[in-house]
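Below is one structure; the comments refer to it alone.
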Number of protein chains: 4
Amino acid sequence: MAGVNKVILVGNLGQDPEVKHLEGDKVVANVSLATTESYKDRSGNRVDNTEWHDLELWDGLAKIAESYLKKGSKVYVEGKIKTDSWQDEQGNNRKKVKIRVLNMTMLDSRTDSPNTGGGNSNYANNTSNSSQSMPSPAVSEGPGEDDDLPF
Amino acid sequence: MAGVNKVILVGNLGQDPEVKHLEGDKVVANVSLATTESYKDRSGNRVDNTEWHDLELWDGLAKIAESYLKKGSKVYVEGKIKTDSWQDEQGNNRKKVKIRVLNMTMLDSRTDSPNTGGGNSNYANNTSNSSQSMPSPAVSEGPGEDDDLPF
Amino acid sequence: MAGVNKVILVGNLGQDPEVKHLEGDKVVANVSLATTESYKDRSGNRVDNTEWHDLELWDGLAKIAESYLKKGSKVYVEGKIKTDSWQDEQGNNRKKVKIRVLNMTMLDSRTDSPNTGGGNSNYANNTSNSSQSMPSPAVSEGPGEDDDLPF
Amino acid sequence: MAGVNKVILVGNLGQDPEVKHLEGDKVVANVSLATTESYKDRSGNRVDNTEWHDLELWDGLAKIAESYLKKGSKVYVEGKIKTDSWQDEQGNNRKKVKIRVLNMTMLDSRTDSPNTGGGNSNYANNTSNSSQSMPSPAVSEGPGEDDDLPF
DNA sequence: TTTT
DNA sequence: TTTT
């Protein structure tokens, strides 16, 4: 019954995050991330292969996304695969695979950052379970994180 | 353009792998893997949450899967997310997300293994790019792997 | 300044964990974990290569280790690299690299588990930052975890 | 006996790589990488915590490092923990833990790149075992890689 | 559809 | 839809 479901991505956002503020202080951000693989085929030609990932971020991470991420931003993202299932109007079973983001590190040089006074400050939430160092605009999901935004 | 697209899973197979031998010595195996997350909800009740992943393995890894994996097998798997896109009969765009497996380690105790004379032998292919230790029935994708099966 | 420092290991314990109960309810467990890489050399002979890792677990994870892990246990472990530095008696600078464990999943079949009344229950702490599914005896570090042990 | 020994780091180089060309076309590069963790302590003060990692890269990866990496470069690195053991002059057992790099992606914006004629080209070796997309100056270890450098 |  |  043990399980591990872990995804690690580094790529660029295809557009600005779509952020929804829900009732009860909940926030959710959705954004797609491109990871591009580049290789040479047999004839020696370079081939680019792009995979698009649907990211979903909640609460503290969603707020960071809203404030700092925009189309083109490069990020390191850690999370898990999550499949939404539902029935469409025709009664067909439909599924959509998303990446629920649990950790994020921004990889753009600071000067690219929007909304910032130009600082180099790092952001991480102080959850003891922050599963790793997460500086620059870097955060983990966690309890109390909502109040932990440094701005 | 840089990209990282990495998935790490530990779970159990939902059924025996489906293996297809294609022309030109190509082999592909498909199998679904369950990763179960277990937590206590607010009321203190234990809740199980199972996510199913569609794995795709090629060539050497497919042969290992065919020989060693079966319904219930526990495995560590490393790979990348890959989305297949096509149009269905109604002309609708359809997508299916799969995990292309690039590395695998069997986690069952040896005695569980099918088809084996009871050995404890480890299997790994000798690709220099084998990105890590992969013993027991453990293998990486790689060139020449097809000839590297230990049976 | 952004950083990611992540380690993922699957292996077996070299001996029982050494657990120390410190003041203020702090608990620390130390144990070494072997990861074995197996490959064929040029001559086709199988070669085993074992790397030993010094694991350090705190609080809830340490208690789980104390209760469930023993010499030979197979575990999946996630954490970060941490170097302790000090001066020895001769005034030499010394370093010791350890893996600070932040997530753990036991991979033994339940019947191997010591100290259990035979249950199959799964254990995970309910930190919202639990970065992934962690069932069976599986836990994450996290706030309040100390009180979250199911035994 | 199964094992997984995997390290994932994102950080900045502390100095230029030290590259040694050995006999038989072997090349090795050593460089230290800083991963910085940033958090707020109880008093709300920001604390930075830097961990230094000794990276070792071989052959194709070493050449890429020699050509593209320099002090301050930001990189994503994937590899395994490897402990060198030896006896010093006094006969004491000594150990040194290194990260053997098996995959690398440069994370600097292109304009930061040294030695380049301004190109945006991506580099990856075409090993089928390249365990993931590795574009920009991005490479995996692998067979034949030595001849696969695009410059 | 798995596993405990 | 991104990025170089």
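Residue numbering restarts at 1 for every chain, and letters A, B, ... go by the order of the sequence lines. Keep in mind it's a predicted model, so treat the numbers as computed, not measured.
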**Study point:** Nearest-Å distance for atom pair CG/C1', residues Leu55(A) and dT1(F)
**Key:** 13 Å

Review point. Is Lys80(B) salt-bridged to Glu51(A), cutoff N-O under 4.0 Å?
Key: no

Point to revise | Donor-acceptor pair present, Thr50(A) side chain and dT2(F) base, under 3.5 Å | key: yes

Check your understanding: How long is the line joining CD of Glu18(B) and P of dT1(E), in whole Å?
Key -> 14 Å

Review point. Rounded to the Å, how far apart are Lys70(A) NZ and dT1(F) P?
Key: 20 Å

Practice item. Look up atom CG in Leu33(B) and atom CH2 in Trp52(B), then write down how far apart they are to the nearest 0.5 Å. Key: 8.0 Å

Check your understanding: Could you state the CG-P distance from Leu107(D) to dT2(F), rounded to the nearest angstrom?
Key -> 20 Å

Practice item. Figure out the CD/P separation between Glu51(A) and dT2(F), and round it to whole Å. Key: 16 Å

Study note, to complete from the structure: Side-chain contact check for Thr36(B): nearest option of dT2(F), dT2(E), dT1(E) is dT2(E)

Check your understanding: Under the 5.5 Å and 30° test, is Trp52(A) stacked on the base of dT2(F)?
Key -> no

Review point. Counting heavy atoms not belonging to Glu18(B), are there more than 12 under 6.0 Å from its CD?
Key: no

Point to revise | Atom-to-atom span, CG of Asp16(B) to P of dT2(E) - whole angstrom | key: 12 Å

Check your understanding: Roughly how many Å is it from NZ in Lys74(D) to P in dT3(F), rounded to a whole number?
Key -> 18 Å

Point to revise | Given Arg94(A), Arg100(A), Lys98(A), Lys95(A), the one that forms salt bridge (charged side-chain N to carboxylate O under 4.0 Å, His left out) with Asp84(A) | key: Lys98(A)

Practice item. Scan Ser73(A) against the nucleic acid and name what it touches under 4.0 Å (heavy atoms): base, sugar-phosphate only, or nothing. Key: nothing

Revision key, fill the gap. Closest of dT1(E), dT2(F), dT1(F) to the Lys71(B) side chain is dT1(E)

Check your understanding: Over how many whole Å does the gap from Asn93(B) atom CG to dT1(F) atom P extend?
Key -> 13 Å

